Amino acid sequence: MRNFSDSLPEGWLAFELSVLRRLQFRSVADPFAGEGATLSYLKRWGARVAANDPAQWAFTRASARVENNAGVLSEADVEVVLEDAYVPRHRLYNPSLRRWFGETDAWWFDNVRAGVEKLDPSKRTLALDLGMAVGDYALSFDEETRELRQPLSRVFKRLWSASPSPFDNRQRNTATNRDARDFVSREQAELLFLRLPRPQRRGARDASWAWREEWVRGDGEFWDDFERSREGRLGARAEARRQYLRHVEELLDSASHLPAWAVAYVDDGLLPTEELVESVGRLRRVGTVYTKDFTELTGARAVIVTA
């Protein structure tokens, strides 16, 4: 099953937005921003958005799509990034790319990552965001469909030309790269929007987004420290439901100062919705539990618990 914590199936986003439309808030904090699609819409609705994620790839995407109100890449910027994209060197700066890509693609991503560093700091997140989209494109093909794939530099340019203009909602939107509990305890907002990471028994280095993290960081040697920093926290490996729910309650307890909560969850059988509702109810009176059945498409139900 796909990892819902960073990629939403078709229709899931519409469900989340339909529920959030019913709530009253002018500011929102999200400790696990992931793809940031929901937050981008909330920004367009005029809410002040505080996006956070412990993963650098998600922080980078939130910086480009949520915090950014006006910055764009020029055609000259794109040419700088792609200038040496297919020029091989004596070795890869980031050999971990060979874990995910063939040799030619690994060279492309390694060189483009180096090209991004030539840009002004304010534009690097925009280029990295596009590069991640190119990587998702490249990884969507298999041996049978590979011949249909376009050259990656062309894809980069097409994605750049099709990118929507940044939206300025005249708010001080922010993106941070902190531990989720620390972020929540310090943030001031009217609504906590918490999309719970799916319970995992494997490490983050095996997640569907792991390649993005290695590409954005520029190497693959950080995983031990990254996973050690998340031990005992929501988003880390959890061997049992009770352990996972304890992590959920600890994070929500850190958000006790926020007036309203909307806790989104994927009920795919690993954790019954009733147990999640009980955990939320131990900390605050539960308002409404919204659900939508996506079992025919994904084998799961979408759930949002308000409190």
Side-chain angles (χ1 to χ4, degrees), residues 1-14 34-38 40 55 57-58 60-61 64-65 72-89 91-116 119 123-165 198 202 205-218 220 266 294-300:
M1 178 172 290
R2 64 194 296 175
N3 186 338
F4 292 102
S5 65
D6 57 274
S7 181
L8 296 176
E10 184 177 355
W12 215 281
L13 175 60
E35 295 282 358
T38 301
S40 295
W57 76 264
T60 299
R61 177 149 288 176
R65 301 189 181 187
V72 295
L73 291 178
S74 67
E75 186 173 359
D77 295 328
V78 173
E79 293 302 325
V80 167
V81 171
L82 299 178
E83 183 179 9
D84 297 321
Y86 287 108
V87 178
R89 298 182 305 276
R91 65 177 180 84
L92 291 168
Y93 291 135
N94 183 2
S96 71
L97 291 170
R98 291 293 279 117
R99 177 186 173 200
W100 308 99
F101 301 104
E103 183 176 2
T104 301
D105 288 353
W107 278 116
W108 189 91
F109 281 99
D110 205 44
N111 289 331
V112 165
R113 184 66 186 85
V116 169
L119 300 179
K123 294 187 175 184
R124 289 173 190 165
T125 58
L126 305 178
L128 290 172
D129 185 37
L130 285 175
M132 286 188 279
V134 175
D136 291 339
Y137 171 86
L139 293 172
S140 69
F141 293 87
D142 56 26
E143 291 301 322
E144 294 182 359
T145 60
R146 187 176 177 83
E147 64 182 23
L148 302 174
R149 213 186 73 172
Q150 297 185 14
L152 298 186
S153 290
R154 182 185 301 172
V155 174
F156 190 99
K157 290 181 178 179
R158 291 186 64 179
L159 289 170
W160 166 72
S161 64
S163 297
S165 299
R198 187 169 180 265
R202 298 185 302 170
R205 71 188 73 200
D206 297 315
S208 61
W209 47 262
W211 81 266
R212 298 179 183 177
E213 192 74 359
E214 293 182 0
W215 183 67
V216 168
R217 289 177 181 255
V266 177
F294 288 92
T295 52
E296 290 188 3
L297 295 174
T298 67

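The structure displayed is predicted, hence computed values, not measured ones.
Heavy atoms from other residues, nucleotides or ligands lying under 6.0 Å from CD of Gln150 number more than 12. Within a 6.0 Å radius of OH in Tyr86, other residues, nucleotides and ligands contribute more than 12 heavy atoms.
The salt bridge (charged side-chain N to carboxylate O under 4.0 Å, His left out) pairs that include a residue from residues 151-160 are Glu79-Lys157, where partners are two or more places apart or lie in different chains. Each ring pair (Phe, Tyr, Trp, His ring centres under 6.0 Å) pair with one or both residues in residues 139-164, not counting sequence neighbours, appears once here: Tyr137-Phe141.
Atoms OH and CZ, from Tyr93 and Arg91 in turn, are 7.5 Å apart once rounded to the nearest 0.5 Å. Between the CD atom of Glu75 and the OG atom of Ser161 there is a distance of 10.0 Å, given to the nearest 0.5 Å. Between the CG atom of Asp136 and the CH2 atom of Trp211 there is a distance of 5.5 Å, given to the nearest 0.5 Å. Distance check, rounded to the nearest 0.5 Å: CE of Met132 to CG of Leu130 gives 9.0 Å.
Minimum interatomic distance between Ala300 and Trp12 (heavy atoms only, all atoms of both residues): CB-CH2, 4.3 Å. Closest non-hydrogen pair, Gly34 versus Ala58, comes out as O-CB, 3.6 Å. When every heavy atom of Arg205 is checked against every heavy atom of Ala210, the shortest pair comes out as O-CB, 3.3 Å. The shortest non-hydrogen separation linking Val116 to Ala127 is CG2-CB, 3.8 Å.
Panel note: side chain Asn111, backbone Trp107; a donor-acceptor pair is recorded below 3.5 Å. Panel note: side chain Asn94, backbone Asp110; no donor-acceptor pair is recorded below 3.5 Å. Panel note: side chain Arg124, backbone Leu119; a donor-acceptor pair is recorded below 3.5 Å.
In this structure Asp77 satisfies the salt bridge (Lys or Arg N to Asp or Glu O under 4.0 Å) test together with Lys123, sequence neighbours excluded. Qualifying side-chain hydrogen bond (donor to acceptor under 3.5 Å, both in side chains) partners for Arg98, counting only residues two or more places apart in sequence or in other chains: none. Shown here are the side-chain hydrogen bond (donor to acceptor under 3.5 Å, both in side chains) partners of Arg113, two or more places apart in sequence or in another chain: Glu117. The side chain to side chain contact (heavy atoms under 4.5 Å, CB included) test applied to Ala64 returns Thr125, Leu126, Asp129, not counting sequence neighbours.
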Practice item. List the steps, then state whether side chain to side chain contact (heavy atoms under 4.5 Å, CB included) holds for Asp105 with Trp100. Key: CA-CA 9 Å; Asp105 288 353; Trp100 308 99; over 6 Å; no
Practice item. Show your working on side chain to side chain contact (heavy atoms under 4.5 Å, CB included) between Leu92 and Phe109 and close with a plain yes or no. Key: CA-CA 10 Å; Leu92 291 168; Phe109 281 99; over 6 Å; no
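Ring orientation note: the planes of Trp57 and Trp209 are tilted relative to one another, at an angle of 30° to 60°.
Ion pairing of Glu35 with Arg212 is present here, as a side-chain N (NZ or NE/NH1/NH2) and a carboxylate O approach within less than 4.0 Å.
Put simply, the residue from Leu139, Val112, Leu152 that forms a side-chain contact (heavy atoms from CB on, under 4.5 Å) with Val134 is Leu152.
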